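Presented below is the structure to which this report refers.
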Number of protein chains: 2
Amino acid sequence: MRLSRFFLPILKENPKEAEIVSHRLMLRAGMIKQQSAGIYTWLPLGKRVLDKVNAIIREEQNRSGAIELLMPTLQSAELWQESGRYDAYGKEMLRIKDRQDRPMLYGPTNEEMITDVFRSFVKSYKDLPLNLYHIQLKFRDEIRPRFGTMRSREFLMKDAYSFDLDREGAEHAYNRMFAAYLRTFSRMGLRAIPMRADTGPIGGNLSHEFIILADTGESEVFCHKDFLDFDIPAEDTDFDDVAGLRAIFDKWTSRYAATSEMHDAAAFEAVPEEERVSARGIEVGHIFYFGTKYSEAMGAKVQGPDGKEHIVHMGSYGIGPTRLVPAIIEASHDENGIVWPKAVAPFEAIVVNMKAGDAACDAACETIYAALAKAGVDTLYDDTDERAGAKFATADLIGAPVQVIAGPRAVGNGEVEIKDRKTGARETLTIEAAINRLTAAD
Amino acid sequence: MRLSRFFLPILKENPKEAEIVSHRLMLRAGMIKQQSAGIYTWLPLGKRVLDKVNAIIREEQNRSGAIELLMPTLQSAELWQESGRYDAYGKEMLRIKDRQDRPMLYGPTNEEMITDVFRSFVKSYKDLPLNLYHIQLKFRDEIRPRFGTMRSREFLMKDAYSFDLDREGAEHAYNRMFAAYLRTFSRMGLRAIPMRADTGPIGGNLSHEFIILADTGESEVFCHKDFLDFDIPAEDTDFDDVAGLRAIFDKWTSRYAATSEMHDAAAFEAVPEEERVSARGIEVGHIFYFGTKYSEAMGAKVQGPDGKEHIVHMGSYGIGPTRLVPAIIEASHDENGIVWPKAVAPFEAIVVNMKAGDAACDAACETIYAALAKAGVDTLYDDTDERAGAKFATADLIGAPVQVIAGPRAVGNGEVEIKDRKTGARETLTIEAAINRLTAAD
């Protein structure tokens with residue numbers, strides 16, 4: 001993408017409304033624009049990151065055996081009356097009446113609707129296990145939306161729902177998602193620690209939050225330092241291997257880890273002092289096993305191998321992509337801007353033409369840009385006529401992992417500079433060597 | 001994808017509520033489920049088609065120079081008061097109050113919001129031309145939603161918005177989208193004919209609907225038969241070439257074409273009788289140039305090269321993906337089910353194991369399925385224990401372009417049968433030859 005043809009509305013000043021660094025950087029880098037309280041437009045740079053985050057989520061959901069569909073945003077109140085949550089949910093639920101005066105709502109989550117999908121079609125245990133997910137907008141009318149897309153009202157959620165014949169099957173479904181979540185966050189450059197959690201309005205008795213450690217996190221968390229080194233499940237993890245997934249779950253729940261709500265000071269103090277981690281954390285995922293709470297209320301049952309009817313056991317599994325983006329920034333930035341992990345970077349590389357209009361600089365940049373495009377390296381080419389200083393600031397701010405800097409002096413020698421955004425390390429290479437470096441497989 | 005692990009709730013009976021063939025087939029093939037009047041879940045098979053349609057739209061939008069962002073579904077009433085459409089829009093607009101009693105609405109379209117994005121950031125003619133698009137849910141509270149997702153209330157729309165310094169620039173922007181639309185529909189196997197259209201509530205004085213011919217179309221259309229043979233703009237079309245795009249526009253508007261609303265019987269009768277086409281049509285896209293209607297009301301202006309302020313000229317350009325899916329089915333089906341064009345097929349091929357559990361059949365199917373997966377051919381493997389007749393019916397119904405049929409007799413000879421869904425032609429090939437056929441580049 002040529003910057004002259006992109007839409008990247010960088011802010012020069014720090015926006016006053018931003019209380020946390022990710023919000024400030026997302027506004028400054030032209031990633032988002034607030035439209036109403038807690039409601040955001042994702043500008044093109046932000047949209048690119050969101051797409052990459054969604055793609056990773058989707059790949060890992062599919063790998064674990066979950067199947068994607070797409071439920072609508074608006075739901076009928078009737079469904080929620082069946083489960084009893086219509087009255088219970090409170091003011092966070094955005095209630096709507098259509099032109100026929102029928103009570104509707106903007107879905108804050110989809111347990112009821114997916115249970116309705118299930119009961120409409122699935123009649124036999126032979127169709128189980130089943131895990132259906134979607135990535136869809138939700139709305140929760142928070143009284144005080146804040147921190148940009150970290151706590152917004154209209155937000156994107158990946159929500160998966162598992163259906164099994166019994167508790168044993170449901171626990172395997174839970175472990176599948178548990179392993180998939182570890183992989184998902186790891187691929188985004190995050191170390192997420194599963195912490196036993198309260199189940200809140202979703203219900204049930206088994207639940208984990210996935211928390212990443214970040215100084216600016218919203219809540220206090222406590223865990224054993226072993227979590228920082230546990231292995232992430234490999235790409236070839238067999239999601240049908242009940243014992244294997246159980247072992248992953250057991251390992252990742254074998255040490256103390258709790259958010260402040262679930263914190264047990266005595267248990268934490270039983271951990272040797274040098275192995276305790278007290279930090280701030282950001283929740284990036286939440287999984288629940290809630291048994292037959294919705295299936296019983298809504299009549300979701302199948303015929304079992306015994307010929308009898310069985311109420312199915314369910315779980316639900318959420319990740320908030322529009323919250324993950326700022327969470328990644330909280331975990332990875334410096335005083336000059338965002339430092340994207342490559343897998344979710346809006347552009348993997350930026351080519352900075354220090355003197356656009358100079359024939360040699362233009363030619364060098366075009367050569368590099370064309371070679372990177374051909375190799376499938378997602379590249380932004382800053383071909384604008386801004387001065388070099390502003391271009392460097394923009395490159396640092398938007399945080400592409402690698403910068404290729406072409407100035408008249410270096411280009412005169414057939415060379416360019418490569419800068420690693422994270423370390424700041426710079427290296428001068430011939431144009432050919434630079435292209436080889438950037439197009440080399442990881 | 002193994003069918004035993006997919007979620008494909010086929011209906012054996014024709015659903016009574018479906019008045020048109022696409023609605024009937026989408027329900028029967030397990031593509032959609034109605035959740036409320038005019039509000040649908042896209043089940044996994046439908047979601048796959050929708051994703052492919054969106055991917056083609058996105059590629060052609062990007063190719064033409066448009067840039068993707070993502071605006072939210074909920075908008076504040078204030079924005080629409082600025083343009084004057086809040087009161088004018090009528091009951092199709094879903095009006096909402098949030099918990100603070102602020103008037104909101106579920107966006108039926110986004111002219112106001114994109115104009116707000118533009119005016120917030122763009123100050124100079126140097127940032128023009130600009131075309132921003134998103135693919136986002138919309139809601140229009142139709143009094144009588146019907147025909148499945150062809151005329152639903154919650155629907156997906158690709159809407160692009162162009163901003164130019166003057167009318168001349170805006171006309172080029174219009175021609176860009178005009179050419180992009182011809183390519184978009186053609187890639188989905190559709191011949192769409194641009195027809196001069198009324199501008200309705202969007203406003204403006206230049207507008208075309210893109211109409212595909214289908215016996216079951218909602219409206220009567222009239223055009224010259226030359227449209228059936230005009231060349232589609234090539235992949236390497238230069239979208240910066242003002243004269244070149246103008247020539248495409250001129251050619252595609254050089255013959256008579258009109259919907260019934262704009263029909264001029266006298267002009268049509270001036271066309272030689274053997275060159276007239278009277279048919280039914282389905283609208284799949286609509287483009288508008290409306291000048292300064294929104295930019296003037298909302299103060300979207302830039303500094304021009306003359307140092308003065310100029311109100312920008314705008315256009316908007318819509319495609320409805322959730323309507324395109326049934327439109328493609330209307331244009332391509334037979335008595336046994338859907339006949340997908342390859343580019344939008346939920347699966348490019350289906351492998352039908354006529355006798356699952358038979359060692360030789362299983363081995364042949366696994367070999368083929370693995371080879372197709374490796375070659376990146378999107379394949380459904382029917383590994384279930386249904387009887388062969390039901391499997392053939394399902395394969396025809398869901399309409400994958402190629403069927404690979406493995407029965408005990410053929411497999412005993414090291415062979416399988418290949419069936420072309422569209423022509424019904426069958427051919428017996430060795431397993432190796434079948435794999436080669438299916439993995440050969442087009």
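Keep in mind that what you see is a predicted model, and the values were worked out from it rather than measured. Numbered from 1 within each chain, the chains take letters A, B, ... in sequence-line order.
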For this session: With a 4.5 angstrom heavy-atom cut-off, could you sort out which part of A:Thr73 is near chain B: side chain, backbone, both or neither?
Result: both
Problem set entry | Distance in Å, B:Trp42 CH2 paired with A:Leu69 CG, rounded so as to fall on 0.5 Å steps | 12.5 Å
Seminar exercise, completed: So, the part of B:Arg153 with a heavy atom under 4.5 Å from chain A: the answer is side chain
Seminar exercise, completed: Looking only at B:Pro72, B:Pro9, B:Pro129, most heavy-atom pairs under 4.5 Å shared with chain A are made by B:Pro72
Problem set entry | Salt-bridge present (B:Asp98, A:Lys91; N to O < 4.0 Å) | no
Problem set entry | A:Gln100, CD: over 12 other non-hydrogen atoms inside 6.0 angstrom | yes
Exercise. B:Leu94, B:Ile32, B:Asn62: which one forms the most heavy-atom pairs within less than 4.5 Å of chain A?
Worked result: B:Leu94
For this session: Could you tell me whether B:Glu235 atom CD has more than 12 heavy atoms of other residues or ligands within 6.0 Å of it?
Result: no
Seminar exercise, completed: Honestly, the part of A:Glu142 sitting under 4.5 Å from a heavy atom of chain B is backbone
Problem set entry | Side chain proximity check, A:Val117 to B:Leu43, heavy atoms < 4.5 angstrom | yes
Exercise. Using a cut-off of under 4.5 Å for heavy-atom pairs, which of B:Arg99, B:Met71, B:Lys47 has the most such pairs with chain A?
Worked result: B:Arg99
For this session: Could you tell me the separation between the CG atom of A:Leu11 and the CZ atom of B:Phe121, rounded to the nearest 0.5 Å?
Result: 6.0 Å
Exercise. Who wins among A:Val122, A:Asp127, A:Leu79, A:Ile143 for the most heavy-atom pairs under 4.5 Å with chain B?
Worked result: A:Ile143
Seminar exercise, completed: So OH of B:Tyr106 and CG of A:Leu74: to nearest 0.5 Å the spacing works out to 5.0 Å
Exercise. With a 4.5 angstrom heavy-atom cut-off, which part of A:Glu92 approaches chain B: side chain, backbone, both or neither?
Worked result: both
For this session: Give, as side chain, backbone, both or neither, the part of A:Arg102 having an atom under 4.5 angstrom from any heavy atom of chain B.
Result: side chain
For this session: Could you look at A:Met104 and say if it's the side chain, the backbone, both or neither that has a heavy atom under 4.5 Å from chain B?
Result: side chain
Problem set entry | B:Glu68 vs A:Pro44 side-chain heavy atoms within contact, under 4.5 Å | no
Exercise. Do the charged groups of A:Arg5 and B:Asp240 touch, with an N to O distance under 4.0 Å?
Worked result: yes
Exercise. A:Lys33 and B:Asp116: side-chain contact (heavy atoms from CB on, under 4.5 Å), yes or no, with the steps?
Worked result: CA-CA 10 Å; A:Lys33 174 189 185 309; B:Asp116 177 56; 3.0 Å; yes
Seminar exercise, completed: Most heavy-atom pairs under 4.5 Å with chain B, out of A:Asp51, A:Ile39, A:Leu70, belong to A:Leu70
Exercise. Got B:Gln75 and A:Ser36 here, is their nearest side-chain heavy-atom distance under 4.5 Å?
Worked result: no
Exercise. So what's closer than 4.5 Å to chain B heavy atoms on A:Phe6: side chain, backbone, both or neither?
Worked result: both
Problem set entry | B:Ser76 versus A:Gln35, side-chain donor and acceptor atoms under 3.5 Å | no
Exercise. For A:Phe7, is it the side chain, the backbone, both, or neither that has a heavy atom closer than 4.5 Å to a heavy atom of chain B?
Worked result: both
For this session: Could you tell me which portion of A:Lys126 (side chain, backbone, both or neither) has an atom closer than 4.5 angstrom to a non-hydrogen atom of chain B?
Result: neither
Problem set entry | Atom pair OG1 (A:Thr41) and CE (B:Met113), whose distance is rounded to the nearest 0.5 Å | 5.5 Å
